[in-house]
Amino acid sequence: MLTGSEHSRMNPGATMRSGTEATLIDQLRGGDTAALEGLMEQFAPRVHRLAYGITRNEADAEEIVQDVFMSLFRKIEGFEGRAALGTWIYRITVNAALIKRRGKRVELEVLLEDHLPTFREDGHREGDRALLLAD
């Protein structure tokens, strides 16, 4: 097993990336909008591709990108750092896209009452005679 310094020598980008990421997280926690903009420049194309892949809708994907970064900015205090920031962003994106897709399915539901037969005062069913005979 490699120690921290051995790991850094084997993968020099690992320490720099985690240090940069830690700095970025601290800036976000401090409310730095410039840090958020930088994060958006880095991750927005991937977030969009993932969101579009789930929703198959351009407008929804664009909305999800905005929602993901707003959510990240508001909830950065809850980021525990057990995974990379990119992994957390990926998970937020998947959740937001699935919620959006489920919401669309709900919008497609129709009221059952709209499809039930209606009846006249005398008790006979209203509607086209062909439909009445089909019943």
Side-chain angles (χ1 to χ4, degrees):
M1 176 169 245
L2 297 176
T3 65
S5 61
E6 291 170 333
H7 186 266
S8 296
R9 281 187 301 224
M10 299 286 288
N11 185 1
T15 303
M16 188 173 139
R17 186 179 66 233
S18 63
T20 303
E21 189 171 287
T23 302
L24 181 61
I25 292 166
D26 287 342
Q27 290 170 337
L28 289 169
R29 286 182 175 153
D32 186 350
T33 55
L36 180 63
E37 288 175 22
L39 194 66
M40 288 176 71
E41 287 176 13
Q42 181 181 356
F43 285 99
R46 286 184 266 178
V47 167
H48 183 273
R49 273 193 309 274
L50 179 59
Y52 182 81
I54 293 171
T55 63
R56 296 288 181 212
N57 182 297
E58 184 65 32
D60 287 344
E62 289 174 8
E63 187 176 332
I64 289 166
V65 170
Q66 292 175 1
D67 292 347
V68 164
F69 289 104
M70 287 306 296
S71 187
L72 179 130
F73 196 65
R74 284 192 312 265
K75 298 179 180 182
I76 192 67
E77 292 298 326
F79 179 65
E80 297 174 359
R82 289 185 282 165
L85 184 60
T87 303
W88 193 53
I89 292 170
Y90 175 85
R91 190 71 244 163
I92 293 171
T93 304
V94 169
N95 288 341
L98 290 174
I99 288 167
K100 177 66 77 177
R101 192 172 76 181
R102 281 187 213 117
K104 289 294 180 187
R105 191 169 44 209
V106 170
E107 288 176 14
L108 296 176
E109 291 179 6
V110 294
L111 293 174
L112 181 60
E113 291 80 18
D114 293 342
H115 298 284
L116 292 175
T118 55
F119 297 92
R120 295 188 300 223
E121 288 289 324
D122 63 2
H124 290 90
R125 183 172 174 195
E126 289 182 338
D128 185 18
R129 180 151 171 72
L131 291 174
L132 296 174
L133 293 175
D135 278 354

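Values in this document were obtained by computation on a predicted structure and should not be read as measured data. Quick note: numbers below take in every heavy atom, side chains included, and nothing from hydrogens, waters or symmetry partners. Nothing fancy with the numbering, it's 1 onward along the sequence.
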Using links of under 4.5 Å between side-chain heavy atoms of ILVMFWY residues, direct or through other members, which residues join Met70 in one cluster?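 Grouped by the 4.5 Å side-chain rule, Met70 forms a cluster of one, so the answer is none.
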| task | With sequence neighbours excluded, give me every salt bridge (Lys or Arg N to Asp or Glu O under 4.0 Å) pair touching residues 25-36. | result |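 Listed once each, the pairs would be none.
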Check your understanding: Do any pairs count as a salt bridge (Lys or Arg N to Asp or Glu O under 4.0 Å) and have a residue in residues 62-76, sequence neighbours left out, and if so which ones?
Key ->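 Every salt bridge (Lys or Arg N to Asp or Glu O under 4.0 Å) pair that includes a residue of residues 62-76, provided the two are not neighbours, is Glu63-Lys100.
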| query | What residues, two or more places apart in sequence or in another chain, satisfy salt bridge (charged side-chain N to carboxylate O under 4.0 Å, His left out) together with Arg120? | reply |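 Salt bridge (charged side-chain N to carboxylate O under 4.0 Å, His left out) check on Arg120 returns Asp122.
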What donor-acceptor contacts under 3.5 angstrom involve side-chain atoms of residues 76-88, with partners at least two apart or in another chain?
residue	atom	partner	partner atom	Å
Glu80	OE1	Arg82	NE	2.7
Glu80	OE1	Arg82	NH2	2.5

Any pair with a residue in residues 33-54 that passes side chain to side chain donor-acceptor pair (under 3.5 Å), sequence neighbours left out, goes on the list, sorted by first then second residue, please.
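Matches after skipping sequence neighbours: His48-Glu58.
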Report task. Identify, with sequence neighbours excluded, every residue that meets side-chain hydrogen bond (donor to acceptor under 3.5 Å, both in side chains) alongside Gln66. Result ->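 Not a single residue meets the side-chain hydrogen bond (donor to acceptor under 3.5 Å, both in side chains) criterion with Gln66.
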| Note, Leu50 side chain near Ile64 side chain (heavy atom, < 4.5 Å) |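 No, side chains not in contact.
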For the atom pair CG (Leu24) and CG (Leu28), what is the distance rounded to the nearest 0.5 Å?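 Between atom CG of Leu24 and atom CG of Leu28 there are 4.5 Å.
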Under 3.5 Å, which donor-acceptor pairs do the side chains of residues 90-99 form with other protein atoms, sequence neighbours left out?
residue	atom	partner	partner atom	Å
Arg91	NH2	Asn95	OD1	3.1
Thr93	OG1	Ile89	O	2.8
Asn95	ND2	Arg91	O	3.4

Pairing residues for Ala44 by the side chain to side chain contact (heavy atoms under 4.5 Å, CB included) criterion, not counting sequence neighbours |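 Counting only residues at least two positions away or on another chain, Ala44 forms a side chain to side chain contact (heavy atoms under 4.5 Å, CB included) with Val65, Phe69.
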